[in-house]
A.B. asks: 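There's a structure below that I have some questions on.
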2 protein chains.
Amino acid sequence: MQERMDQIKKQLHTENFKLTPQREATLRVLLENEEAHLSAEEIFMLVKQKASDIGLATVYRTLDLLCDLKIIEKLNFGDGVARYEFRSEDHPHHHHHLICLKCGSLFEIEDLLDDLEERVERDHKFKIVDHRVSFLGYCFSCLAKEGN
Amino acid sequence: MQERMDQIKKQLHTENFKLTPQREATLRVLLENEEAHLSAEEIFMLVKQKASDIGLATVYRTLDLLCDLKIIEKLNFGDGVARYEFRSEDHPHHHHHLICLKCGSLFEIEDLLDDLEERVERDHKFKIVDHRVSFLGYCFSCLAKEGN
DNA sequence: CTACATGCAAATTGTTTGCAGTGTT
DNA sequence: AACACTGCAAACAATTTGCATGTAG
C-alpha cells in the first residue's frame, strides 16, 4: 500500500503537479477504502475526520486530477452521486458490479465480457475501449430474509 | 404508431390517469423520436416547438408517470442527464448501447447477456432482475476518418 | 518567489416540490 | 363540485467556478 502511494507521488511529480497535504490525505483515504466506492462527499468527510482540513471543492478538484491521470475512475451507479474507484494493477478496470435493489449493497465480480466484446466489435464494426456493466437484482441475504 | 398511441391512452385511462394535452404532446414527441434517447430538457423544447405550451416540471412529472407505468425507461449514460427510451414490445428493454467517444453517436445492439446472467446468478447467489450495459469506443465512421 | 493550489462562497445544472389556480369528469 | 393536473417559482442536491490568500517547489 505504501509502495502504491509512493508510486503515485512520483507520478504526480513527473507530471508537474504539487504534492499537497490535501492531495495526500485524499489519496490515503482512497487507498484505505479501496473496496468502498466512495462518493466525493464521503471522501470529504473521511479526510476531515483524519484531522486534515480540506474543502469540498478541493476534493472534487483532486478527484478530477486523479481521473485525468488514470489513477482512479469515476463511476456512475445511477444513484445521483459519482463514485470513485481505484485503478490498481491487479484490478485493471474491467470488472462488473452487482447492485442489490433492496439493501443497496454492491458486489464486484470478475469480467465476463471479453469474448462478447470481440463478437460485438466484429458484428458492429465498433472498436470497444471500455464497457460499463451493472447487474441489478437482489443479493443473497435479502433473498434469504424476504423468502422472495 | 397511432395504434401504439391509442393503446397507451387506454392504459392511462384504465389506471385512472387523465389524458391531458401536455401528456399527449409529450407522448407524441417520444413516439416520433423513438430512437433518439431524449433528455427531459430536449423533450420539453420539442413539445414547446409544436406550439403546445408546457412547463418543464410537467415534463418531468409526465416522464415519471410513464416510467411508473413501464411505458418508458429512464436511462443513464453518465453524461449528467437522464434520458428516456420507449419500451415498445419489439424492444422489450434488454438491449445494449454502443457509445462513440469521438462523435457521441449511440447505437443499439441486441441483448447478449442472457446466458451470462444465468452464470452470474449461479456463481454469486444473486437474483438478477435487470442489467445496464454500455460499450464505449469508436464507431465505424470515426475510425474511418481518423484511421486510428 | 511565483505559479499552482486551496478555501470559501457564489454560481450552475439537473431535478423536485409547494402551492395557488385550472380544467375534466 | 371534487380532484387530478398544471405552471411557476422556490427549493434542492451535486458539482463547478471566481477570486483572494496560502504554500510547495
Side-chain angles (χ1 to χ4, degrees), chain A residues 5-6 8-29 37-69 71-84, chain B residues 8-29 37-69 71-84:
Chain A
M5 190 72 188
D6 292 340
I8 295 166
K9 285 186 186 178
K10 198 156 63 182
Q11 187 180 352
L12 282 175
H13 244 136
T14 320
E15 312 212 27
N16 272 349
F17 293 105
K18 291 182 179 161
L19 186 56
T20 64
Q22 290 88 338
R23 286 179 181 167
E24 186 160 357
T26 304
L27 265 169
R28 200 164 296 282
V29 163
H37 299 98
L38 300 172
S39 68
E41 199 93 26
E42 286 163 351
I43 294 167
F44 171 60
M45 293 197 299
L46 285 170
V47 172
K48 290 233 297 205
Q49 275 175 27
K50 305 188 86 162
S52 324
D53 205 17
I54 196 170
L56 183 51
T58 301
V59 173
Y60 276 107
R61 282 187 281 230
T62 301
L63 293 171
D64 277 357
L65 174 64
L66 295 175
C67 279
D68 287 350
L69 296 180
I71 293 170
I72 61 173
E73 186 169 7
K74 190 175 186 173
L75 302 175
N76 189 324
F77 296 129
D79 62 346
V81 283
R83 299 185 170 278
Y84 299 84
Chain B
I8 295 165
K9 285 185 187 178
K10 198 155 63 181
Q11 187 181 350
L12 281 175
H13 245 135
T14 319
E15 312 211 27
N16 272 348
F17 293 105
K18 291 184 179 159
L19 185 55
T20 64
Q22 289 90 338
R23 285 178 183 168
E24 187 160 356
T26 304
L27 266 170
R28 200 166 296 283
V29 164
H37 300 98
L38 300 171
S39 67
E41 200 93 25
E42 287 163 352
I43 294 167
F44 171 61
M45 294 197 298
L46 285 170
V47 171
K48 290 233 297 205
Q49 274 175 27
K50 306 189 85 162
S52 324
D53 205 17
I54 196 170
L56 182 52
T58 303
V59 172
Y60 276 107
R61 282 188 280 231
T62 302
L63 292 171
D64 278 355
L65 174 64
L66 295 175
C67 280
D68 287 350
L69 297 179
I71 293 170
I72 61 174
E73 185 170 9
K74 191 174 186 174
L75 301 174
N76 190 322
F77 295 129
D79 62 348
V81 284
R83 300 184 170 278
Y84 298 85

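Each chain gets a letter, A, B and so on, in the order its sequence line appears, and its residues count up from 1. In what follows, every heavy atom counts, from backbone to side chain, and hydrogens, waters and symmetry copies are set aside.
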A.B. asks: Residues of residues 53-62 of chain B with any non-hydrogen atom less than 4.0 angstrom from an atom of DNA chain D: list those, numerically ordered, please.
C.D. replies: B/Asp53, B/Ile54, B/Gly55, B/Ala57, B/Thr58, B/Arg61

A.B. asks: In this structure, how many angstroms lie between the P atom of C/dG21 and the CD atom of B/Gln22, rounded?
C.D. replies: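 From B/Gln22 CD to C/dG21 P: 18 Å.
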
A.B. asks: Would you indicate whether the side-chain heavy atoms of A/His13 and A/Leu19 approach each other to under 4.5 Å?
C.D. replies: no

A.B. asks: In whole angstroms, how far is the P atom of D/dA13 from the CD atom of A/Glu42?
C.D. replies: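 One finds 16 Å between P of D/dA13 and CD of A/Glu42, rounded.
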
A.B. asks: Please indicate whether B/Lys10 has more than 12 foreign heavy atoms, meaning atoms of other residues, nucleotides or ligands, lying under 6.0 Å from its NZ.
C.D. replies: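 Check fails, neighbour count at 12 or below.
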
A.B. asks: Given C/dG23, C/dG14, C/dT16, identify the nucleotide with an atom nearest to the side chain of B/Lys74.
C.D. replies: C/dT16

A.B. asks: Less than 4.5 Å apart, side chain to side chain, heavy atoms only: is that true for B/His37 and B/Leu75?
C.D. replies: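 Sidechains of B/Leu75 and B/His37: in contact.
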
A.B. asks: Which whole-number value in Å describes the distance from B/Phe17 CZ to D/dA4 C1'?
C.D. replies: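 For the pair B/Phe17 CZ and D/dA4 C1', the rounded distance is 10 Å.
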
A.B. asks: Closest-nucleotide mapping onto DNA chain C: is B/His13 or B/Glu41 further toward the 5' terminus? I mean the 5' end.
C.D. replies: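 The residue whose closest nucleotide sits nearer the 5' end is B/Glu41.
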
A.B. asks: Measuring only between side-chain heavy atoms, which start at C-beta, is B/Leu69 closer than 4.5 Å to B/Leu12?
C.D. replies: yes

A.B. asks: For A/Phe44 and C/dC8, give me the distance from atom CZ to atom C1', rounded to whole Å.
C.D. replies: 11 Å

A.B. asks: What's the shortest heavy-atom distance between B/Ala40 and B/Tyr84, and which atoms?
C.D. replies: N-CE1, 4.1 Å

A.B. asks: How long is the line joining CG of A/Leu38 and P of D/dA14, in whole Å?
C.D. replies: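 After rounding, the gap between these two atoms is 15 Å.
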
A.B. asks: Have a look at A/Thr26 and tell me which of A/Ile43, A/Thr20, A/Leu65, A/Thr58 forms a side-chain contact (heavy atoms from CB on, under 4.5 Å) with it.
C.D. replies: A/Ile43

A.B. asks: Quick check on C/dT6: is either OP1 or OP2 less than 4.0 Å from any side-chain nitrogen or oxygen of A/Thr20?
C.D. replies: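 So the side chain of A/Thr20 is within the cut-off, an N or O lying under 4.0 Å from OP1 or OP2 of C/dT6.
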
A.B. asks: Any side-chain heavy-atom pair from B/Leu63 and B/Lys74 closer than 4.5 angstrom?
C.D. replies: no

A.B. asks: How long is the line joining CD of A/Glu24 and P of D/dT23, in whole Å?
C.D. replies: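 A/Glu24 atom CD is separated from D/dT23 atom P by 16 Å.
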
A.B. asks: Would you mind reading off the distance between A/Leu75 atom CG and D/dA14 atom P, rounded to a whole angstrom?
C.D. replies: 17 Å

A.B. asks: Using atom CG of A/Leu27 as one end and atom P of C/dA5 as the other, report the distance to the nearest whole Å.
C.D. replies: 14 Å

A.B. asks: Which nucleotide in the set C/dG14, D/dC3, C/dA5 lies at the smallest distance from any side-chain heavy atom of A/Arg23?
C.D. replies: C/dA5

